[in-house]
2 protein chains.
Amino acid sequence: MTKQRFTIKDVASRAGVAVSTASLVLNNKGYVSSDLRKKVQLAVEELGYVPNRTARSLINKATGNIGFIVSEEHFSTAEPFYTRVFLGTEFEARQQDFYVLLTTVPNKFHSSHIPRFILERNVDGVIFAGKISEAYAKAVISENIPSVVVDFEFKQVRIPAINIDNTRGTALAVEHLFKLGHKKIAFIGGDMDHPSIRSRLDGYLEAIERFGLDKCDSLISTEEPGTGTEDGYQAAKKLLSRKSDFTSVVACNDAVAIGAIRAFRENGMNLPDDCSTVGFDDIELCDNIDPRLTSISVPKEDLGATALRILSRMIKEKERPISSVLIEPRLVARQSTVSLS
Amino acid sequence: MTKQRFTIKDVASRAGVAVSTASLVLNNKGYVSSDLRKKVQLAVEELGYVPNRTARSLINKATGNIGFIVSEEHFSTAEPFYTRVFLGTEFEARQQDFYVLLTTVPNKFHSSHIPRFILERNVDGVIFAGKISEAYAKAVISENIPSVVVDFEFKQVRIPAINIDNTRGTALAVEHLFKLGHKKIAFIGGDMDHPSIRSRLDGYLEAIERFGLDKCDSLISTEEPGTGTEDGYQAAKKLLSRKSDFTSVVACNDAVAIGAIRAFRENGMNLPDDCSTVGFDDIELCDNIDPRLTSISVPKEDLGATALRILSRMIKEKERPISSVLIEPRLVARQSTVSLS
DNA sequence: AAACTTTGTCGAAACGTTTCGCTATTTTGA
DNA sequence: TCAAAATAGCGAAACGTTTCGACAAAGTTT
């Protein structure tokens, strides 16, 4: 049996006031004399009183919870991208006095997959993380629950999106390579219907144009269906088969970069001299492969914390939400990029 | 504003009964005639009534939540071991009608790091995941909150522990190698004060003795402080420096195995012919390195689900808890182990 | 001086649900 | 036949907290 706890009745009794007076003090509301206020505060301290969240939730009609929905495949991957995003939300939740309930759902929607916390109305808001079926968002919106999405953008549903500035990220990568003297910069990717990946290609193209560099289709390989290591490997093979004499590559993410590196090695290339490579996301493995991978760093915890903060404001202040937020990436230079010699 | 919901008052009104009668039907309690029971059930269906968890929690004095505490370093690692354990708990929580609140804490205890959900009494039970300071467990116990630990065992605190049968796991590894004709089987590890790693060494030793194999200290390298890839690399180097003519190795986990493989390669060894290697945990990378790593598979979701189930029973039925549970591992044979030729 | 406003404190209703105890009827056992 | 038990349905208290409205005193404005 859990330890017995003091309630506001005990606090009131000990301070010699009414329960409603104690509540006014606890919530810093109404008029309470300085004298009585101090008595209540002393009683709270002496008893170690902690308000009962459940009772507060019932009367305030607010659960104090936020739901975090991520697809199964996204959450269990070897790289803890969404784990870190989640940790960012959990950390900010401590400041905002919320609890985050995490659940995974299959990417393919079915009404039976709608999370319990939506059906039971056990959350005040929802954060969607990453690529996920839009039907889930529609289900949440139909319940009039405020929501935001992180690291993704729905095609039809209009909710605030918190994303890395992908365009800026790959532009930074191109700039980095350009400054190292590279003129023939390729781009490899896959899963091009993913809006983040699409933006990364846009950023690459924009920078190529800005620096007046070679922009031809033979430098771009984006036909693979996914963005895993194997997709990177295949995309790189295709790039190589075109004999397009690139001296460097911007990959749409680190897994693709790692796969590309394997393909270049198999092609007998001496890395990084024969080809500089930049990835995106700055996963842990960047520091553990050879050569250690230059990458565009995504502050994953910041994504999560920002999402939680925006959603909190939507919930607490019923204010019109911000349309979207882009978070600034930065480039982490490692051994995989060198000056063109 | 969230969509208005029907309450039990609406259900009662629509069924033409008292609220208490409706509650008896919903909870399958007391005596209610078949006729009235059906009327209530129909009203529930027609209105799409879902009980308010908050109101139930208040009257039942049970939050319906379980806390999941894992150290920061454990949860953010590149391999989602505890992510999967957590997902196991989340999945079982759906069946047991609990929500799991996940929080990370620094491994080094400080009273300010005690999770909010303990201080606020917002959980009915707690699951500790992995190596973590015993002071956290003491804080939870002092609040009379039921708790269990997964993939770890506290030295002093006595709470149910759900672990892989580590001893059995490494014994399986030795058996596998023995059946492939190996007689000189080494063991490499680190962080030997971790009870799981200690048990894995014990299992190796037990099997070596059972099969009447060579058991000498020069075949064991366990001086490294951790169990990461780099620790495996160093442990393997030490093993090699002894010139002890082992033909196979059991590693205390996959990261150590992967590090060891790198060391063997640097030593000019032809893998897997010159040395068979078995890891432990069966992480994703096992399928992605060369040679693909034979490993002792740990059903991580089962660990989590079992922990949740045991804790649920402790909470709901106030029963005396099971002392501990060992979950059976299994060996997944891949390319890193071959017959001795 | 009188009317109005502000300050101060408290009682009780409310939030949505569960369960106890009351009253009445029916069934069962001695 | 009568007493006890089971069946049936309901009213109201309770869970812990918040807030509204009532009442009183003090201060301000006309």
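Each chain gets a letter, A, B and so on, in the order its sequence line appears, and its residues count up from 1.
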Any K61(B) side-chain N or O less than 4.0 Å from OP1/OP2 of dT18(C):
no
dC10(D) P sits how many Å from K39(B) NZ, rounded?
10 Å
Pick base, sugar-phosphate or nothing for Y49(A), based on heavy-atom distances below 4.0 Å to the nucleic acid.
sugar-phosphate
Residues of residues 9-28 of chain A with a heavy atom under 4.0 Å from any atom of DNA chain C, listed by number, are V17(A), A18(A), S20(A), T21(A)
Considering all heavy atoms of both residues, which atom of R121(B) and which atom of T63(B) are nearest to each other, and what is their separation?
O-CG2, 3.6 Å
Take a 6.0 Å sphere around CZ of F91(B) and say whether it holds more than 12 heavy atoms from other residues, nucleotides or ligands.
no
Rounded interatomic separation in angstrom, taking CG from L36(A) and P from dT7(C)
16 Å
Among dT7(C), dT9(C), dG16(C), which is the nearest nucleotide to the side chain of Y31(A)?
dT7(C)
With F98(B) as partner, the option from K316(B), E92(B), E90(B) fulfilling side-chain contact (heavy atoms from CB on, under 4.5 Å) is K316(B)
Is the distance from OP1 or OP2 of dG16(D) to the nearest side-chain N or O of T54(A) less than 4.0 Å?
no
Measure up the F86(A) and F75(B) rings against each other and bin them: parallel (under 30°), tilted (30 to 60°), perpendicular (over 60°).
perpendicular
R5(A) atom CZ is separated from dC15(D) atom C1', nearest whole Å, by 13 Å
Could you check how far CG of N60(A) sits from P of dG16(D), rounded to whole Å?
16 Å
At under 4.0 Å, does any side-chain N or O of K29(B) touch on OP1 or OP2 of dT18(C)?
no
Is there a side-chain polar atom (N or O) of R56(A) under 4.0 Å from OP1 or OP2 of dT18(D)?
yes
Does T7(B) make a side-chain N or O approach to OP1 or OP2 of dC15(C) shorter than 4.0 Å?
no
Would you give the length of the straight line joining atom CG of L101(B) to atom CD1 of I66(B), rounded to the nearest 0.5 angstrom?
9.5 Å
Step by step, would you call F128(B) with F154(B) a ring-ring contact (aromatic ring centres under 6.0 Å, His included)?
CA-CA 10 Å; F128(B) 294 99; F154(B) 292 118; 5.7 Å; yes
Starting at atom CD1 of I8(A), determine the distance to atom P of dC10(C), rounded to an integer number of angstrom.
13 Å
Separation of I59(A) atom CD1 from dT18(D) atom P, in whole Å?
9 Å
Over all atoms of both residues, closest heavy-atom pair of S147(B) and V140(B)
CB-CG1, 4.0 Å
